[in-house]
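Each chain gets a letter, A, B and so on, in the order its sequence line appears, and its residues count up from 1.
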Amino acid sequence: MPELPEVETMRRGILPLVGGVIVEAFCPTSHHHPIKYSPPADRLFAMLVGRRITAVERCGKRLLLRLDDERALVIEPRMTGRVMLDPPQIPSHVRLVLQVVSEHQEPHATLDCAERTMIFRDVRGLGTVRLLDGNTFPAELGPHKIGPDALEIYWQELRDRLGHRKCAVKVALLDQKAIAGVGNIYASEALHLAKIHPAMPCCAITNRQWQRLHEALQRVLKEAIASQGSTLSDGAYATPSNEAGRYQHLHRVYQRTGERCCQCRRGIIRRIVLGQRSTFYCPVCQPIRSRNH
DNA sequence: ATTAATGTTCAGAA
DNA sequence: TTTCTGAACATTAA
């Protein structure tokens, strides 16, 4: 479930690769169901070898390794994809291994070569690895354009992109073509902080509420980044150095069905299904009708 | 032993 | 243009 904060944590964790040269690229095991590589795996791996990594970036929920040949390696973790830096053992379901050598020139002519290993692991195998033209950014990393990153957007832009829709605001927040980076966890969390019912139609939301929602999104995403993301009970996500995220302890509504709302201390958190996904909210803090006379 | 549920993206259809 | 449905997949809980 890597959403924006989890992918940002991955990005920060593999920053030590920047400046290094890829000396090996391969997939250590043959899977019955390989993930999607573009171009196909063998050609992709061959194209990576010898390239220098010039930057590591993030766009929505995608991780981007810029290379010195104007291309970019784009990793889409989707459900269970994650990266690890210098893992003690090679785990199962590894989809890509990158050996990266960095040279550090010491003042007195000592040449120190540091070799690092980055792996992309994906248990369910829904993730993708693509090598794309690095100049076509920022929007079209995949087959479809994605919207602006949730941390870069202004509140007016949020309103303009979603405000005319009739669907539930929570469903709209998950549309990566409208706004990139928000997933199931942080959509519920942000709506709770903004005191907006998740089923409220976008077109019924006022300017003031869009402002509140925008502010809540920024706050929730930044808090989550500071906590290195959310590691849920399935343990599918962890940081590149294999530490658990801590934001799950700070969730206000997500997977807290039946608990008392931490905000108003009166409501009991409810779970509903919106757009086929679990949605959590406080019926007291987030009334269906805003009562703003 | 089945079956449901998990969350993200995409193809295809309404 | 927008919205909905099902498929892709592994693992666990019921």
Side-chain angles (χ1 to χ4, degrees), chain A residues 1-8 10 27 29-38 41 58-64 74-83 91-96 120-130 132 139-147 149-150 159-191 198-205 220-221 224 229-238 245 247-248 251 253-257 271-280:
Chain A
M1 14 231 104
E3 304 180 27
L4 187 153
E6 288 76 24
V7 179
E8 176 63 18
M10 296 182 199
C27 178
T29 44
S30 68
H31 300 88
H32 188 251
H33 294 289
I35 64 168
K36 166 147 192 177
Y37 300 94
S38 173
R58 177 191 60 74
C59 195
K61 304 176 187 177
R62 292 158 187 184
L63 192 61
L64 219 126
V74 179
I75 298 177
E76 226 183 301
R78 297 212 187 171
M79 285 295 297
T80 52
R82 53 175 292 207
V83 296
S92 63
H93 302 91
V94 172
R95 313 294 181 156
L96 175 65
F120 175 58
R121 180 183 191 222
D122 186 359
V123 172
R124 284 177 70 174
L126 299 177
T128 67
V129 175
R130 299 179 151 94
L132 300 174
E140 42 230 65
L141 300 168
H144 298 289
K145 289 191 181 179
I146 58 175
D149 191 85
R159 175 200 59 195
D160 293 345
R161 294 185 148 261
L162 303 181
H164 59 103
R165 298 194 186 186
K166 289 179 214 143
C167 69
V169 58
K170 194 265 192 174
V171 173
L173 283 175
L174 300 184
D175 183 354
Q176 304 299 299
K177 290 187 280 303
I179 170 176
V182 182
N184 209 34
I185 297 174
Y186 301 107
S188 281
E189 291 297 321
L191 286 166
M200 177 162 306
C202 287
C203 53
I205 292 177
V220 163
L221 295 173
S230 303
T231 293
L232 301 185
S233 49
D234 61 11
Y237 161 80
Y247 196 65
Q248 66 280 5
H251 288 172
V253 290
Y254 186 80
Q255 285 186 350
R256 296 207 181 276
T257 311
R271 175 189 177 275
I272 56 174
V273 174
L274 246 34
Q276 297 109 250
R277 325 270 274 281
S278 294
T279 305
F280 303 87

Would one find a side-chain N or O of [X] under 4.0 angstrom from OP1 or OP2 of [N]?
X	N	answer
A/H164	C/dT2	yes
A/R277	B/dT8	yes
A/K61	B/dT9	yes
A/S278	B/dT6	yes

Can you figure out which of [options] approaches the side chain of [X] most closely?
X	options	answer
A/E76	C/dA10, B/dT9, B/dA5	B/dT9
A/L126	C/dC9, C/dA10, B/dA5	C/dC9
A/R165	C/dT3, B/dG7, C/dA10	C/dT3
A/R271	B/dT6, B/dT8, B/dC10	B/dT6
A/C167	B/dT9, B/dT6, C/dT3	C/dT3
A/H93	C/dT11, B/dT8, C/dC9	C/dT11
A/Q176	C/dA10, B/dT8, B/dT9	B/dT9

In whole angstrom, give the distance that lies between atom [atom1] of [X] and atom [atom2] of [N].
X	N	atom1	atom2	value
A/I35	B/dC10	CD1	C1'	16 Å
A/Q255	B/dT6	CD	C1'	9 Å
A/L4	B/dT8	CG	P	12 Å
A/K166	C/dT3	NZ	C1'	10 Å
A/Y254	B/dT6	OH	P	8 Å
A/L232	C/dA13	CG	C1'	16 Å
A/Q276	B/dC10	CD	C1'	14 Å
A/N184	B/dA5	CG	P	15 Å

Contact check, side chains of [X] and [Y], non-hydrogen atoms, under 4.5 Å:
X	Y	answer
A/R124	A/R78	no
A/H93	A/D122	no
A/H251	A/L232	yes
A/R161	A/I179	no

_Exercise: do A/R121 and A/T80 side chains pair donor with acceptor under 3.5 Å_ = no
_Between A/E6 and A/Y186, a side-chain donor and acceptor under 3.5 Å_ = yes
How far does the [atom1] atom of [N] sit from the matching atom of [M], given to the nearest Å?
N	M	atom1	value
B/dA1	C/dC9	P	24 Å
C/dT11	B/dC10	C1'	23 Å
B/dT9	C/dT12	P	24 Å

*Reckon A/K36 touches a base, only the sugar-phosphate, or nothing at all at heavy-atom distances under 4.0 Å?*
nothing
_What contact category does A/G183 fall into here, base, sugar-phosphate, or nothing, at under 4.0 angstrom with non-hydrogen atoms?_
sugar-phosphate
*Would you name the heavy atoms of A/K170 and A/T279 that are closest together and state the gap between them?*
NZ-OG1, 3.0 Å
*Which dot-bracket string fits DNA chain B when only Watson-Crick or G-U wobble pairs with both atom distances under 3.5 Å count, crossing pairs get [ ], and | stands for a partner on a different strand?*
.|||||.|||||||
*Backbone N/O of A/G181 and side chain of A/Q176: donor-acceptor pair under 3.5 Å*: yes
*Derivation and outcome, side-chain contact (heavy atoms from CB on, under 4.5 Å), residues A/L173 and A/L162*: CA-CA 8 Å; A/L173 283 175; A/L162 303 181; 4.1 Å; yes
